[in-house]
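Below: one structure, written as structure tokens.
First the proteins, then the strands, lettered A, B, ... as listed; each starts at 1. Predicted model, so just to flag it, every value in this text is computed and none were measured.
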Amino acid sequence: MSKNKKTFRPKARLPRGFGDVAAHEVRTMAAMIKTIGEVYELYGFEPLETPALEFAECLGKFLPDADRPNEGVFALQDDDEQWMSLRYDLTAPTARYVAENYDGLAKPFRRYQVGPVWRNEKPGPGRFRQFVQFDADTIGTTEMAADAELAMMFSDVMEKLGIERGDYAIRMNNRKILDGVLEKINLLGDDEATSNTRLTVMRAMDKLDRLGSQGVRLLLGEGRKDESGDYTKGANLDAASIDKVIAFVEAGKSTNKDTLAALAELIKGSEIGQQGIDELVEINTLILAAGYLEDRICFDPSIVRGLGYYSGPVMEAELTFEIKDEKGNLVRFGSVGGAGRYDGLVARFKGIEVPATGISIGVSRLYAALEKLGKHPAPKVRAPVIISVMDKSERATYQQMAMDLRQAGIRAEVYMGSSGMKAQLKYADKRGAPLVVIQGEDERANDEITIKDLVVGAKASKDITDNQEWRSSQVAQMTAKTQDLVKTVQDILAKPHHRH
RNA sequence: GCAGUUAUAGCUCAGUUGGUUAGAGCGCCUGGUUGUGGACCAGGAGGUCGCAGGUUCGAGCCCCGCUAACUGUACCA
């Protein structure tokens, strides 16, 4: 063996856009998921789980091909060479499930589903390549009641998560109204040039909140140069059309009723547009009757959502307070969830129209945003009481102490390492343990235990600068009879400084 | 994809007009203390200066190429 031949050591690292989830985050996410699930359950939705992998053709239009099998999705070939993809949302698998089990389902079919989805895209703040979505869908009805219900449920979820009214906004629009505007400027044609322009216009409209009306105007016209100097080609509309589109996206008023009236004026003469307005009127009637006002759900003509499958009412939830990073720069998280009607998705499989509407909450992004704000409802879990190991030969005794504490419902662990006292206390400190139980030779001789209160100790250390004193005074320690272990621990943990 | 910025220890960063052995703080490990978390003191480990070429007597620093990350932008079913 030559000495300069190095062993290959992979650098321990993670692909970008993927993240480990530490204890605190696991607990918080679980709590968020529990809360959201409870709201969905209250509304009557039933749980469903589907696998991470689906046949690529079942997921949608981004079919992998031999040249670029990873465009947007993570895909791999089965041993029979069929392409499979990691799901990029929970809606497509649901459509597949409904189509596959159509005859046996109670319709409208109402289910909820939570789980990770994967997208092979460039990550950013609040954007990951694996993230958790929490969806609920009603499949098999054209009734606007289903859409209105989603809007109200969306609002309920946000507030149950501890986001106060006014700190979030659910903005709603209708794709049919958008179509009405596009009709007014002759962009509803089927030819390729027209449909490309249509997409460019819709993308531009969607950017109103970020770029303002001036920015959108540029994108509707010649194009726009961003601050890095990059240039985005525009839709090249004529001035009159640009004015119409801008008037539309800015038609939002302070009440939903006024917004609808303004929109009706703008799309007058468009049948599809009027239909969209009628739908929102119906939704507005329902949410008003339930007491959901504009401070929770408001109509906003600049909401577009995904370009692909939405066909009716669409909505988007955003956090309305500012989020700053460490350097004080404003961070854009984008929407924390969306919802909308997609009447064509199941038809891909069945050939028959199966109208559907659903909601999708981006749990990962919501978590990231709330984390930045220090706002998420972190469940407090007390770290375990640590039983130190003074004498390795007494492990069985220590184990019994831990078992007694567990019996009383107290998290407890015997130190599992092989280091000395100092290291064990450091360990307990780092774990955030409230107490350390010590029984060495001296205590055992008297059938006693020493219990050290790490919280009290930490406080005391602030006033002690001398190590001799710190050590000899054995701060925050007390002794008890071994048989009183559980009771003593319970008493100490009941004290205010240990309360959560 | 496009554009800009950046790349030096586990982390945050310094490193002079190009000069000899590349530093600091924090963190980590050991000891001071054979049974005590903090503080303090002493010591220690840890670097292919992103990769590869070039200029030069000499490159962390200058030049070229590549890669990656970050930010913006585009796309986002």
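Of the candidate nucleotides B/rU36, B/rA74, B/rG38, B/rA74 has the atom lying nearest to any side-chain atom of A/Arg210.
Defined by atom type and a distance below 3.5 Å, a donor-acceptor pair is present between the side-chain atoms of A/Thr397 and A/Glu394.
The aromatic rings of A/Tyr112 and A/Phe134 are tilted relative to each other, their planes meeting at an angle between 30° and 60°.
You'll find a donor-acceptor pair under 3.5 Å spanning the side chain of A/Glu443 and the base of B/rG35, going by distance alone. Counting distance only, with no hydrogens placed and no angle test, the side-chain atoms of A/Gln424 and the base atoms of B/rU36 include no donor-acceptor pair under 3.5 Å. Counting atom types as modelled, A/Lys225 pairs no side-chain N or O with a base atom of B/rG72 as donor and acceptor under 3.5 Å. In terms of polar N and O atoms assigned as donor or acceptor, the side chain of A/Lys207 never comes within less than 3.5 Å of the base of B/rU73 in a complementary pairing. Applying the 3.5 Å distance criterion, the base of B/rC76 shares a donor-acceptor pair with the side chain of A/Arg127. At a cut-off of 3.5 angstrom, counting only N and O atoms as typed in the model, there is a donor on one side and an acceptor on the other between the side-chain of A/Lys452 and the base of B/rU36.
Here A/Ala458 lies in heavy-atom contact (under 4.0 Å) with a base. When heavy atoms are screened at a 4.0 angstrom cut-off, A/Gln439 is found touching no nucleic acid atom at all.
Residue A/Tyr88 and nucleotide B/rA77 are classified as a stacked aromatic pair, their ring centres being separated by less than 5.5 Å at an interplanar angle below 30°.
Checking the phosphate oxygens (OP1, OP2) of B/rG38, no side-chain nitrogen or oxygen of A/Lys430 falls inside 4.0 Å.
Ionic pairing of A/Lys487 and A/Asp491 is present here: one or more N-O contacts between side-chain nitrogen and carboxylate oxygen are shorter than 4.0 angstrom.
In this structure, A/Leu425 and A/Leu211 both approach RNA chain B, and ranking their closest nucleotides by distance from the 5' end singles out A/Leu425. The residue among A/Glu441 and A/Ser419 whose nearest nucleotide of RNA chain B is located toward the 5' end is A/Ser419.
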